[in-house]
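Here's the structure, in C-alpha cells; my notes come after.
Computed from a predicted model, the values in this text were never measured in an experiment. Any value given below was found using the heavy atoms of this structure, including those in side chains, with hydrogens, waters and symmetry copies removed.
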Amino acid sequence: MSDDNQNNGGRPDPHRSAGGGIQMGAPFGIPIVVSPTWFLIAAFITYYFGQDISDDAFGNWRYAIAFGFAVLLYLSVLLHELAHSVVAKSFGLPVRRIVIYFLGGVSEIEKEPDTPGREFAVAVAGPALSFALGGIFFGVWKLMDHPTSSVAFAACQYLVTALWVSNLVVGVFNMLPGLPLDGGRVLRSAVWAITRKPLAGTAAAAWAGRALAVGVLIYAMLTTRNATSGSGLYTLVWAAFIASFIWIGASQSLTVAKLRERIPTLHARTLTRRAIPVSSDVPLSEALRRAASVGARSLLIVNHDGAPTAIVHEAAVAATPLERHPWVQVGTLSRALRPGMTLTSDLSGESLLQALRATPAPEYLVTEPDGAIFGVLSAADVEHAFLGR
C-alpha cells in the first residue's frame, strides 16, 4: 500500500492516510485508519438492522439505534485489532497501522513473529479480547434484563444484546482453524512448534483455510435447500463472499510464506554481475565488445581517476537500435550513482532487500567491504531469484 498524503505544504495531513482513509488517532503509537468502504457497510447495517428493529417500539429512532450498533460493533473490531498490535509491539514487531474497512479490520504488522510461541500470542490476543468483551456485555445485559417502558433504556438493551452476541460471533469466527483467520495462525504456531518448520505450519493452516472455505459453501447450500428463493439467494451470496475471502487469504498466506523461505538464499555476492569500467565517451559498440571479451554483463562509467560515477542502464542499451551502437556514447545511456545505490557484497537476505527498498533503482554498484569494485547488481536478478524464476 502506498502513502497518499494531501498537498499540505510538504507535511502529511493528520486526518488522511494511505489508500484515502481517514486517520482517527494513534493509541499506543499505532495509527488507526478508517477506509471509505466502512461507510458503505455502516449504511448497510443501519438499513438492514433498522428494518429488523420494532417500528412500534422505536419508530424512526430504530435507524439511529442501528447506526449506533454499527459504530459500536466496529469499535469492538478496533479493540480486537489493537490487542493483536499491542502484543506484537511488545515483542518488538513493527506495526504500521490498523485499517478498519467493510470486512472488519486488519493489523499491518510488518514482520512475522520469530517463534511459534510469539505467533500464538499475537494470534490469540484478538479473539481473547472479543470473548472478553462478549462476556462483559453479556453481564451488562443480564443486569438490564427486565421489562421497561423507557424507550432509551430499551434501546440500550437492544444495543447491549447485539454487542455481546456480535463479539461472541467475531471471536468464534476468527478462531476457526484456517488462514487467514486468527485460528489459522494458532494452528500454524502449533504445527510450527511440532515440526520446527514455519513453512510446514503455514502450509497446514493454509490448506485448512481452503477446506474451511469449501465447508462454508457446502454448509450454505445444504441449509438453503428449503429456504425461500430470496432468503436462500442472500445466504448463498454471503457464503460465497466469505468463502472466497478465506480461500484467497489462505492462498496468499501460502505464497508469501514460500517467498519468505527464499529470503535467506539471496546473496549480493552470488547475484552480482561482472562489470567493466569505461569512460562516458566510449561508443556503445566498443563498450559491449570489451565486455563480451572478458565475459562481463554490465558497464560502469568511471571518471579520469577511475572512480565509478554512473551505471549504464541495461534497458536503455536494449532499446538502442543495433545500427546506432557505433554512434551512441555509453554516457548517454547511464544513470548517475546516487546515495544508497552502492551496496557491499556481503549483504544478504532481509538486509539486502531492505537496502533495495530504501533506494529503488534498476541497478546498483556492488563493492567489497574494503571499497574495491565487485560488480553491478540488477534489481531484476534479485526479483527473479526471489520469485524462483
Side-chain angles (χ1 to χ4, degrees), residues 1 26-31 77-99 104-132 170-212 246 248-267 346-358 385-388:
M1 299 182 182
F28 302 99
I30 303 167
V77 171
L78 171 59
L79 292 175
H80 175 109
E81 295 302 327
L82 268 176
H84 287 306
S85 298
V86 170
V87 173
K89 286 195 73 172
S90 72
F91 293 140
L93 304 177
V95 180
R96 184 186 177 200
R97 62 180 187 170
I98 293 173
V99 179
V106 59
S107 301
E108 295 183 0
I109 302 172
E110 297 183 337
K111 190 177 179 182
E112 291 286 337
D114 55 2
T115 68
R118 291 184 172 185
E119 171 80 346
F120 174 84
V122 172
V124 82
L129 187 58
S130 292
F131 286 129
V170 168
V172 170
F173 177 74
N174 275 280
M175 280 304 293
L176 293 176
L179 288 172
L181 303 176
D182 297 330
R185 300 197 68 173
V186 171
L187 175 61
R188 175 180 184 262
S189 69
V191 177
W192 179 4
I194 294 170
T195 64
R196 301 188 182 278
K197 296 179 180 179
L199 183 58
T202 302
W207 279 104
R210 289 170 171 173
L212 180 62
I246 295 174
I248 293 171
S251 300
Q252 288 178 339
S253 296
L254 186 57
T255 299
V256 170
K258 288 180 178 178
L259 292 177
R260 285 186 175 277
E261 286 284 300
R262 295 199 186 106
I263 291 178
T265 68
L266 302 176
H267 300 279
D346 57 355
L347 282 175
S348 64
E350 189 66 41
S351 298
L352 175 60
L353 295 181
Q354 287 177 353
L356 300 188
R357 286 194 294 262
F386 184 56
L387 298 177

> Rounded to the nearest 0.5 Å, what separation is found between the OG atom of Ser253 and the CZ atom of Arg210?
Replying inline: 10.0 Å
> Between Val191 and Ala204, which heavy-atom pair has the shortest distance, and what is it?
Replying inline: CG2-CB, 4.0 Å
> Testing Ile98, Leu129, Asp182 for side-chain contact (heavy atoms from CB on, under 4.5 Å) with His84, which one passes?
Replying inline: Asp182
>> As an exercise, state the distance from CD1 of Ile30 to CZ of Arg96, rounded to the nearest 0.5 Å.
In response: 14.0 Å
>> Show the nearest heavy-atom pair for residues Phe120 and Ser189, with the distance to one decimal.
In response: CB-OG, 3.6 Å
> Atom OG1 in Thr202, atom NZ in Lys197: separation rounded to 0.5 Å?
Replying inline: 13.0 Å
> Between Ala250 and Leu179, which heavy-atom pair has the shortest distance, and what is it?
Replying inline: CB-O, 3.3 Å
>> Just verifying a value: how many Å separate Ser107 OG and Leu82 CG, rounded to the nearest 0.5 Å?
In response: 7.5 Å
>> Nearest 0.5 Å, please: how far is CZ in Phe91 from CG in Asp114?
In response: 9.5 Å
> Between Glu81 and Arg97, is a salt bridge (charged side-chain N to carboxylate O under 4.0 Å, His left out) present by the stated rule, with each step listed?
Replying inline: CA-CA 10 Å; Glu81 295 302 327; Arg97 62 180 187 170; over 6 Å; no
> Of all residues at least two apart in sequence or in a different chain, which pass the side-chain contact (heavy atoms from CB on, under 4.5 Å) check with Ala88?
Replying inline: Leu93, Val95, Ile109, Val122
> Looking only at heavy atoms, what is the nearest atom pair of Pro177 and Ala208, with distance?
Replying inline: O-CB, 3.2 Å
>> Given Pro198, which partner from the list Glu112, Arg188, Arg260 fulfils the side-chain contact (heavy atoms from CB on, under 4.5 Å) test?
In response: Arg188
>> Please determine whether the number of non-hydrogen atoms from other residues, nucleotides or ligands lying under 6.0 Å from atom CZ of Arg196 exceeds 12.
In response: no
> Where is the tightest heavy-atom contact between Thr195 and Ala200, given as atom of each residue plus distance?
Replying inline: OG1-CB, 3.7 Å
>> Restricting to side-chain contact (heavy atoms from CB on, under 4.5 Å), what partner residues turn up for Leu347, sequence neighbours left out?
In response: Ala268, Leu343, Thr344, Ser351, Leu352, Ala355
> Ala206 and Leu254: which non-hydrogen atoms are nearest, and at how many Å?
Replying inline: CB-CB, 3.9 Å
> Within the distance-only criterion (no hydrogens, no angle test), does the side chain of Arg262 pair as donor or acceptor with the backbone N or O of Phe386 below 3.5 angstrom?
Replying inline: yes
> Roughly how far, to the nearest 0.5 Å, is the CG atom of Leu212 from the CZ atom of Phe173?
Replying inline: 7.5 Å
